[in-house]
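Below you'll find the structure, written out as structure tokens, and then a few comments.
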Amino acid sequence: QVQVVESGGGLVQPGGSLRLSCVASGNIFGVYMMGWYRQAPGKQRELVATITSGGQATYADSLKGRFTISRDNAKNTVYLQMNSLKPEDTAVYYCSADVKETWSSTYQEHWGQGTLVTVSS
């Protein structure tokens, strides 16, 4: 069916940068919304950023200015550029994609398994 796979996580020092990638593949007719969410230890999953196929982006207010979301529609890929990272950014980052599998299908949300970002010195 549809697979969503994140990559790019790892260990980074405070103040450093990482770029996460997420690709949706499989039976795909179209992809509307793609987004990034994160879940820190002991906390609820929270919105990081979303972006429509037309390029309209939304961000969590606290992250605007440090994080930038972008996408390549031809590759069904979404990116998250993370700059000036802080220890509190440590979390598992999850990718979501609203996918239409055929012309007659409705859009349905698919999630990746997550990629761990650890910000520590």
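- Looking at Q44, its side chain never comes within 3.5 Å of a backbone N or O of Q39 through a donor-acceptor pair.
- Residues I51 and V78 form a side-chain contact, since some pair of their non-hydrogen atoms from C-beta on lies under 4.5 Å apart.
- Y94 does not carry R38 over the face of its six-membered ring by the limits of under 6.0 Å from the centre and within 45° of the normal.
- Contact check for V5 versus C22: no side-chain heavy atoms found under the 4.5 Å cut-off.
- Rounded to the nearest 0.5 angstrom, T50 OG1 and R71 CZ are separated by 10.0 Å.
- For the pair Y32 and T52, the minimum side-chain heavy-atom distance is below 4.5 Å.
- For the pair R19 and W36, the NZ or CZ position fails the cation-pi test of under 6.0 Å to the six-membered ring centre and within 45 degrees of the ring normal.
- Ring orientation note: the planes of F67 and Y93 are tilted relative to one another, at an angle of 30° to 60°.
- Contact record, N73 with S53: ND2-O, 2.8 Å, taken as the closest heavy-atom pair.
- V23 has its side chain out of reach of V4: every pair of non-hydrogen atoms, C-beta onward, lies at least 4.5 Å apart.
- Remark: K64 fails to qualify as a cation-pi partner of Y59 under the 6.0 Å distance and 45° angle criteria applied to the six-membered ring.
- Separating the CG atom in N83 from the OG atom in S17 is a distance of 3.5 Å, to the nearest 0.5 Å.
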